[in-house]
Structures are given as C-alpha cells and as structure tokens.
Amino acid sequence: MKKEMLTSRQTICLVSMFLFGSAAIIGSGTEVEQDSWIALLMAAAFSAPFFLLLGRLGRLFPDKGFFDLVEMLLGKIAGKIVIALMAWYCLHLCALVLRDFSEFVGVCVMPETPHMPIMLIMMLTVVYLVKSGVETMGKWSIFMLPVILMVLVMTVLFSLNIMDLSRIQPVAAHDIGDIAKSAYMNVAFPYLETVVFLCAFQGAIESRRPYKPYILAFLLGTAALVTIDLRNTLLLGTKVLDAVYFPSYIASKVIQLGNIISRIEGSIAMNFVIGGVAKISICLLGAARGVEHLFGLRGYKQFVLPLGLLAAALCGTLYERNIELYEFLKIYQIYAIPFQIFIPLLIWILAEIRAKKDRSQKTADSQA
C-alpha cells in the first residue's frame with residue numbers, strides 16, 4: 001500500500017490553519033489588556049524551540065511515525081502507556097475545539113439551535129475529511145488557507161478608518177511578570193498544541209529540509225494571530241474585549257465601508273468554521289493513529305467515525321455555560337504540560353541518543 005504523504009507546502013498550510021484554529025475565535029488573554037500583543041510575541045519566542053524540535057524529529061527519523069518512534073524508544077509497555085496518553089490528549093483536544101465552535105455557532109450565528117446537531121454536523125464533516133486521507137487533507141488546506149488570509153487582510157483594510165491607536169496605549173504598561181504569565185497561556189494555547197500535528201503526521205511529510213515547513217508555518221501563524229489581536233483591540237478597546245466571548249466576530253460587526261460593505265461578520269464566521277474543521281480533523285487523525293498503534297492494527301480509518309462520535313459525546317459533557325470555557329483555560333495550561341512538554345522532550349532526548357548510537361554502529365560496521 002502506498003504511504004500517504006504531505007508536501008512541504010501542504011504541511012505549512014495545515015500547521016498554519018491549526019495555529020489559527022480556535023485561537024482566532026476565542027482570542028488571546030485579556031489579563032494584560034492592550035499589551036496582549038506583546039504577550040503573544042513573547043509566547044512565540046518561548047515556543048520557537050518547540051517547532052525546531054518538530055523539525056529535528058523529522059530529520060532524525062524521517063520515515064518513522066511518532067507512535068512508532070515512541071514504541072521503538074520506550075519499549076512495548078512504557079510505549080503503550082505513552083501512546084494511550086497522547087491518543088487521549090488528541091481526543092480530548094478534539095472535543096474541546098468542537099465545543100468551542102459549537103458555542104460560537106450557538107451564540108453568534110444560530111442562537112436558537114441546540115448544540116448537539118451543530119456538533120454532529122461539524123463532526124461528520126471532519127470524519128469525511130479525515131477518512132478521505134492525508135493527501136486530501138493537504139490539498140484541501142492549500143485551497144482554504146488563502147481564503148482565510150484573504151478574509152483577514154480584507155477585515156484589516158476595511159477597518160483602518162475606524163481603528164483608534166490610543167486603545168493600545170500606553171505600550172508595555174503592565175508588569176513583565178503579568179505579561180509573561182499571559183504569554184504562557186498563549187504558549188499552551190495554541191502554540192504547543194501543535195504536538196497533535198506530530199501525532200497525526202510525523203513520518204508523512206515529504207521534505208528534505210524538515211525544519212522549513214514548521215518554521216514558515218510558525219511565522220505565518222504568529223503574524224496572523226498578532227494581526228487579529230491588534231485589529232480587535234484597535235476596533236473594540238480592552239473593556240469591550242474583556243466583556244465579550246468571541247471578540248473577532250464582535251469586531252467584524254463594527255466594520256462598515258459606506259453603504260457598500262457591511263455585515264462582514266459572515267466572512268469571519270466562515271473563517272472560524274474552516275479553521276475549526278482543520279484543527280478538529282488533525283486532532284481526530286492523531287487520536288485515530290494512536291488507537292491504531294495501541295492495538296497493533298493496520299489502518300487508522302476504521303477508527304475515525306467511532307472516535308469522532310465519542311468526541312462529540314465527550315464535548316457535550318465538558319461544561320454547561322460559556323463562561324466555563326474561559327475558566328477551563330486556566331486549568332488547561334497546567335493539565336497540558338505532560339502532553340505538550342514532558343513527553344515530546346523525553347522522546348526527543350531518547351531519539352538523539354538512539355540516532356547517535358545508530359551512527360556509531362554504522363561507522364564501526366563500515367570500518368570493520
């Protein structure tokens with residue numbers, strides 16, 4: 001069977017869309033008010049080594065999937081435990097993002113519609129995309145990313161005449177410790193969530209330069225997130241941002257260009273749905289690959305629908321009110337540490353040791 005592969009361009013598009021995902025809809029932390037864009041840049045600086053780590057694993061073992069690598073480095077028993085943990089994280093994150101988007105649709109677009117039909121419709125769309133295969137996901141992302149970026153640029157250009165620069169002043173008014181605390185929230189969400197991409201696509205990226213797609217996607221995603229944050233702050237101000245659930249959607253409602261262009265929030269909603277489908281599909285694929293390796297079976301597609309329905313059922317029980325979504329983010333940055341930091345670091349260190357041993361063995365064999 002031919003192995004499914006992503007090109008570098010497809011990898012850039014998917015990682016970028018994963019970074020936008022739910023971060024664009026929920027927004028960055030408002031604890032540091034007008035300095036939130038500084039916290040975002042600080043979070044990007046903290047997260048940059050992680051994206052280099054993703055590229056490094058691709059350089060060391062380009063043909064090994066992440067779960068194959070885990071079992072090879074940790075052995076069967078410890079490997080199965082780590083695989084189960086990472087598969088759970090992928091599934092849990094899938095449910096969290098699905099709930100975020102169902103909340104958005106329920107609050108902003110179709111307030112009279114119950115959450116469960118929204119979640120099921122979106123999940124069935126995601127299941128179809130994932131079952132279509134990795135290459136189809138890659139091709140879809142190449143078409144959709146320009147749409148997202150075009151809408152972003154359009155909203156910025158059409159709102160220039162109503163932006164108020166005084167809303168981001170004074171710059172750096174908050175204590176560096178408070179900004180760093182807010183930055184860590186952005187590190188956990190969305191930057192280090194990219195570990196899910198490692199679970200879904202490691203070993204399936206066609207690139208002689210594995211660092212390039214991750215670095216370019218990281219830069220593109222950071223530029224987009226900072227642009228979204230500044231746009232929302234300049235349009236709404238910090239007091240309004242602190243009071244609303246979905247700042248990007250609310251910001252788009254105030255954009256109006258004479259009598260020609262108004263009600264642009266529909267395009268923002270479309271962006272959110274596209275980003276949500278991308279992020280949920282990658283999480284679901286990561287969970288399916290984890291279950292495939294956990295039970296030693298061949299082929300992940302048979303698990304996609306059951307896991308998708310499980311995620312939909314799970315997201316219906318996560319929280320009852322919108323405010324709980326934001327309260328959980330404070331817990332999430334601690335809950336995610338083992339999945340986002342400890343496990344990837346452990347696998348990277350062991351991979352470096354294993355690669356060094358393999359090189360030494362090859363040298364010894366060639367000299368024999």
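Everything quoted here is computed from the prediction, not taken from an experiment. Sequence positions, counted from 1, serve as the residue numbers for this chain.
Residue-environment remark: CG (Leu160) exceeds the threshold of 12 foreign heavy atoms within 6.0 Å. Counting heavy-atom neighbours within 6.0 Å of Lys80 NZ, excluding the residue itself, gives a total above 12. Atom CZ of Arg9 sits in a sparse spot, with 12 or fewer heavy atoms from other residues, nucleotides or ligands closer than 6.0 Å. Under a cut-off of 6.0 angstrom, the local environment of NZ in Lys212 is sparse, with at most 12 non-hydrogen atoms contributed by other residues, nucleotides or ligands.
Between Gly308 and Met123, the shortest heavy-atom distance links the atoms O-CG, 3.3 Å. The two residues Ala87 and Gly290 come nearest to each other via the heavy atoms CB-CA, 4.0 Å. Across all their heavy atoms, Met72 and Phe61 have their closest contact at CE-CE2, 3.7 Å. The two residues Glu4 and Val134 make their nearest non-hydrogen contact at OE2-N, 3.2 Å. Between Asn271 and Val147, the shortest heavy-atom distance links the atoms OD1-O, 4.0 Å. Shortest non-hydrogen contact noted between Trp348 and Leu57 is CA-CD2, 4.0 Å.
Expressed to the nearest 0.5 Å, how far CE of Met17 lies from CD1 of Ile148 amounts to 4.0 Å. Between the CG atom in Asn186 and the CD atom in Gln333 there is a gap of 9.5 Å [rounded to 0.5 Å]. Distance check: Trp37 CH2 to Leu234 CG gives 10.5 Å after rounding to the nearest 0.5 Å. Residue Thr155 holds its OG1 atom at 8.0 Å from CD1 of Ile228, rounded to the nearest 0.5 Å. The CG atom of Leu236 lies 7.0 Å from the CZ atom of Arg167; values are rounded to the nearest 0.5 Å. Annotation: the span from Leu305 atom CG to Leu310 atom CG amounts to 11.0 Å, rounded to 0.5 Å.
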**Asked** Between Phe201 and Thr11, does a side-chain contact (heavy atoms from CB on, under 4.5 Å) hold up when you go through it step by step?
**Response** CA-CA 9 Å; Phe201 296 111; Thr11 304; over 6 Å; no
**Request:** Walk me through it: do Trp88 and Ile83 pass the test side-chain contact (heavy atoms from CB on, under 4.5 Å)?
**Result:** CA-CA 8 Å; Trp88 159 252; Ile83 289 171; over 6 Å; no
**Request:** Test salt bridge (Lys or Arg N to Asp or Glu O under 4.0 Å) on Asp358 and Arg354 and set out the steps.
**Result:** CA-CA 6 Å; Asp358 289 347; Arg354 178 63 178 264; 3.5 Å; yes
**Prompt:** Stepwise, does the side-chain contact (heavy atoms from CB on, under 4.5 Å) test hold for Leu54 with Tyr211?
**Reply:** CA-CA 8 Å; Leu54 298 181; Tyr211 295 101; over 6 Å; no
**Message:** Using the rule given for ring pair (Phe, Tyr, Trp, His ring centres under 6.0 Å), can you reason through Phe101 versus Phe272, listing the C-alpha separation, both sets of side-chain angles and the distance that settles it, and then say yes or no?
**Reply:** CA-CA 8 Å; Phe101 279 85; Phe272 292 160; 7.1 Å; no
**Request:** Could you go through the salt bridge (Lys or Arg N to Asp or Glu O under 4.0 Å) check for Glu33 and Lys239 one step at a time?
**Result:** CA-CA 8 Å; Glu33 300 176 324; Lys239 287 184 171 54; over 6 Å; no
**Prompt:** What do the steps show when you test Arg99 against Glu103 for salt bridge (Lys or Arg N to Asp or Glu O under 4.0 Å), and what is the final call?
**Reply:** CA-CA 6 Å; Arg99 183 58 187 265; Glu103 289 287 347; 3.0 Å; yes
**Request:** Would you check, one step at a time, whether the test side-chain contact (heavy atoms from CB on, under 4.5 Å) holds for Ile142 with Leu145?
**Result:** CA-CA 6 Å; Ile142 287 177; Leu145 181 62; over 6 Å; no
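A distance below 6.0 Å separates the ring centres of Phe51 and Phe218. The six-membered or imidazole ring of Tyr249 lies near that of Phe104, with a centre-to-centre distance under 6.0 Å.
Under a hydrophobic clustering in which Ile, Leu, Val, Met, Phe, Trp and Tyr are joined whenever their side-chain heavy atoms come within less than 4.5 Å, directly or via other members, Ile12 and Leu152 fall into different clusters. Linking ILVMFWY residues whenever their side-chain heavy atoms come closer than 4.5 Å, directly or via other members, places Leu225 and Ile250 in the same cluster. Cluster membership check: Met270 shares its hydrophobic cluster with Leu149, using side-chain heavy-atom separations under 4.5 Å among Ile, Leu, Val, Met, Phe, Trp and Tyr. Note: the hydrophobic cluster containing Val226 also contains Ile215 (ILVMFWY, side chain heavy atoms under 4.5 Å, direct or indirect links). By the rule that hydrophobic residues join a cluster once side-chain heavy atoms approach within less than 4.5 Å of another member, Val277 and Ile121 end up as members of separate clusters.
In this structure, Thr194 contributes its side chain and Phe197 its backbone to no donor-acceptor pair below 3.5 Å. Side-chain N or O atoms of His293 include none that pairs as donor or acceptor with a backbone N or O of Phe67 at under 3.5 Å. For the pair Ser47 (side chain) and Ala44 (backbone), a donor-acceptor distance under 3.5 Å is absent. Of the possible polar contacts, one joining the Gln10 side chain to the Thr7 backbone as a donor-acceptor pair under 3.5 Å is found. Looking at Asn232, its side chain never comes within 3.5 Å of a backbone N or O of Ala251 through a donor-acceptor pair.
Inspection of the Tyr191 and Thr222 side chains reveals an N or O donor paired with an N or O acceptor under 3.5 Å. Side-chain contact, Tyr89 with Glu193: no donor N or O sits under 3.5 Å from an acceptor N or O. Residues Arg231 and Ser159 bring no donor and acceptor atom of their side chains to less than 3.5 Å of each other. Counting only N and O atoms by type, the side chains of Tyr335 and His92 include a donor and acceptor under 3.5 Å apart.
For Ser132, the side chain to side chain contact (heavy atoms under 4.5 Å, CB included) partners are Tyr128, Thr136, not counting sequence neighbours. Phe18 meets the ring pair (Phe, Tyr, Trp, His ring centres under 6.0 Å) test with no other residue; sequence neighbours excluded.
Side-chain contact between Met137 and Ser281 is present, with at least one heavy-atom pair separated by less than 4.5 Å. Two residues are said to be in side-chain contact when any heavy atoms from C-beta on lie closer than 4.5 Å; Cys283 and Leu91 fail this criterion.
Using a cut-off of 4.0 Å between Lys/Arg side-chain N and Asp/Glu carboxylate O, Glu292 and Arg298 are scored as not salt-bridged.
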